[in-house]
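The structure appears right after this line, and notes come after that.
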Amino acid sequence: MNLASFPSAEAAVGIGLAWLALGAFSLLESERARFVARGVFPLSALVSFALAALALRTLGDPADTLTLPLGLPDLPFHVRLDGLSAFFLCLLGVCSFGITLYASDYFRSESVQKLRLLSLQYHWFLASMTFVLLADDAYMFMVAWEAMALSSYFLVVTEHRQGTIRRAAFIYLLIAHIGALSILLCFGVLHEAGVEAYSFDALRQAQLTPFWASVAFLLALVGFGAKAGMMPLHVWLPDAHPAAPSPVSALMSGVMLKTAIYGLVRVVFDLIGSPMWQWGLLVAGMGATTALFGILYALQQNDLKRLLAYSSVENIGIILVGLGLAMIFFGSGHPEAGALGLIGAFYHCLNHGAYKSLLFLGAGTVLRSTGMRNLNEMGGLIHRMPQVAGYFLVGSLAISALPPLNGFVSEWLMLQTALQAGQLDNGVLRSLVPLLAAMLALAAALTARCFVKAFGIAFLGQPRGVVSEHAHGHGEEDASLFERLGMAWLAVWCLVLGVFPSTVVGLLNQVSLSVAGAGLPPSALEAGVLWLVPSTQARASYGPIVFLLVIAVVVLITYVTVRVCFHGRLRRAPPWDCGFPEQTARMQDSSEGFGQSIRVIFAPIFRIAQRVPNPEDAQPKFELRVEDKHWHGFYLPIARAVEYLSARIGKLQQGRISTYLLYSFVTLIALLVFVR
Amino acid sequence: MTEQWVNLAATILLIIAFAMLSQRRVLSLVRLFAWQGLVLSVSTAMVAYSTGQSHLWISAALTLGLKVIVLPIVLHSLIVRLNVRWDVEPLINVPTTMLAGIGLVIFAFALATPISQLAGTVTRSTLGIALASVLLSFLMMIVRRKAVPQVIGFLAMENGLFFAATSATYGMPLVVELGIALDVLVGTFVFGIFFFHIRETFDSLDIRHMEKLKED
């Protein structure tokens, strides 16, 4: 088939419509819950796969546009599939394939009513994300964006009988709407007066003064930052993710946050077109702060899914640092280094999609099978659910940026970008960029610590206290077949993305070329499949295959040595108790204990309420609450100010009709005078 | 010639508006409202006769039927059935209101002069009076504390608007006028229903009681 004539945009729209249809179909199917779980979800997984394949195929193609016969009169929907859209669609397809497979098993025990609604919302959520990525005019973008926010809101309130979940979902909806408002204003600023159409083409051609371009950029940063979870707009994230069912958390964290990154890139690099380095500094600074704070808060969480949610905040911060660096370099005239930053950010989007979805799915199986989400109740789960433990370990290693898995590659690329700072002419920038890189490195190290904590406390050691007698009890402890398939798919991607980085970077280079018009230098692309080279071979290179080989050889040698030398006498015995036989499982290091040193070192950034028992206490009780300072320092003052102002404005309301009539009379007179 | 007659009608309208502002009896208010409608209808018919705009005849007939016959009867029977025939005490005393009214008339003329120079109709000089009667009716709604006079003020305001439309542009398109006529009719019925409900709830039609509905 001729590549150029392949109707890729039509196919992508078709995939979105297929998801809509699947959602609607599951609502019709009223009788058999089993059919919805076993039939609709695997079908939808196939659709995801088709989307991933389609997007991968069209990654390097020129943009394909299409005008749909939908929308308002004179305001049709425009669709466009270019490199940037294709990349994010690919991310959507890859992640949702695994997650949907997993979901077909995870949701199987829900009641029919709930399952129908879940399936409808889930598939419309997928479809709206597809349309966000495909939209080529502000109107369709906003419609799809709001549809995405609403469908995910309804997914978050699936367990709407719990007050905390309703509250979490409400905060999510609130911040999503503030963000959407900001995005709408941003499109309004981008829109040139006198031009009729709101299509992205018209926005691209608008000539903006630096001031208005900066206003548009700031609005976009606030709007998309709210969706992505940039500090201090992140507060919805650690509440909404644990509230949602686990596949939904995975989808929201793995994919939905990336649509915000897509939007930011689309506006800054495509619609505005020429980023200024000052913006880049702002984005990178916000990103570095977000990353550092996110992971520090993650370290203090006891709820596994909340921990993962804060870790998503951190990863978004890392991606923003990459984008910010790219904007700094593009803005100061070094497109090759800028492209490297952009590629690093895209790579991290992909990686985070893979491993964070995997981790959320792992946490989901733990929750489904044992009913536990508090780390302090878990422990020793590796014995009961070895499969989940294995996949969770892969995810933990990947997110901790250990080679040869994928997390390392993108973080390394970003640090390499930061090391290009020597090219910059501005002395202040030259000294600030390495500082950002240092914050990034610190965040990466803390991530490793955080996931040592998550994996160690949850899966290793012995069960703490009451061993989850309240298990949901499906007779099945470990992950079931489809759950395993879903997690295995994502785990394989963690490995593949880590081992073949140069292939991926080659593809991402085309994305960068299509969105920013600049790619990596030829010297970087000639290095071959085995070596990943960001600029020149002499400067730096990374060969994951070598790492893999070394690891494999070391494991093999150890294995052989043990086999040869092992004396064959195996004895199972309790571990040495250090001469203190009164130990119980509750004496194991707890979640709070693991985070204690960090809590002490970084005490000023937390809001800590602690009650330590005194030695004479008959019934000693230890209490510790670590909270996000943003809530008290940023949101509550705003809420109070709003209440104060509304009380003031409320004084206008007298309840007397004559007064109201007088208001309109005075307004009328004033307008008449004014218009005259 | 017609211009003279229309000007006369406009003057009568203005006088009636002032009369309504100063009138304390509800039944007299209704009667004044009917007179206002009649004058309006006659002046519209005169404009229709002199300009040959056929749709203005329909407007005139509509005004006659609705504002001179139907609405006064409806209002009258409402007042009788609700037994609210007594005098109404305005919020502000009558002389003050009248003074404010004079101020409004001057304002309306100041406003209308540039507009009426633009309009090419025979009736353009009456635009100021039309605006003044709108504002006077509005003022009446503000200073009355009972519900029925407020509704009459609302209807009178509509009369003023109608007159303004006729004098500035020979009336609005027929469809719009039909729509407004229907709105006024329906509005009156809705008000009637509300009167009963308000009286049932508060045992009175004094709208001061509505202040209790305010949220604290």
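A note on names: the letters A, B, ... follow the listed sequences, proteins ahead of strands, and every chain is numbered from 1. Side-chain atoms are counted along with the backbone in the values below, which use heavy atoms only and exclude waters and symmetry mates.
Scanning both residues, A:L661 and B:Q150, for their nearest heavy atoms gives CD1-NE2, 3.8 Å.
Taking a 6.0 Å sphere around CZ of A:F170, one finds it holds 12 or fewer heavy atoms contributed by other residues, nucleotides or ligands. The number of heavy-atom neighbours closer than 6.0 Å to CZ of A:F187, taken from other residues, nucleotides and ligands shown, is above 12. Environment of CZ in A:F634: crowded, with over 12 heavy atoms of neighbouring residues, nucleotides or ligands closer than 6.0 Å. Within a 6.0 Å radius of NE2 in A:H630, other residues, nucleotides and ligands contribute more than 12 heavy atoms. A:W124 CH2: 12 or fewer foreign heavy atoms inside a 6.0 Å radius.
Contacts of A:I669 with chain B are made by both backbone and side-chain atoms, with heavy-atom separations under 4.5 Å. Both the backbone and the side chain of A:S664 come within contact range of chain B, each with at least one heavy atom under 4.5 Å from a heavy atom of that chain. Using a 4.5 Å cut-off between heavy atoms, B:L104 touches chain A through its side chain atoms alone.
Rounding to the nearest 0.5 Å places CD1 of B:I142 at 4.5 Å from CG of A:L662.
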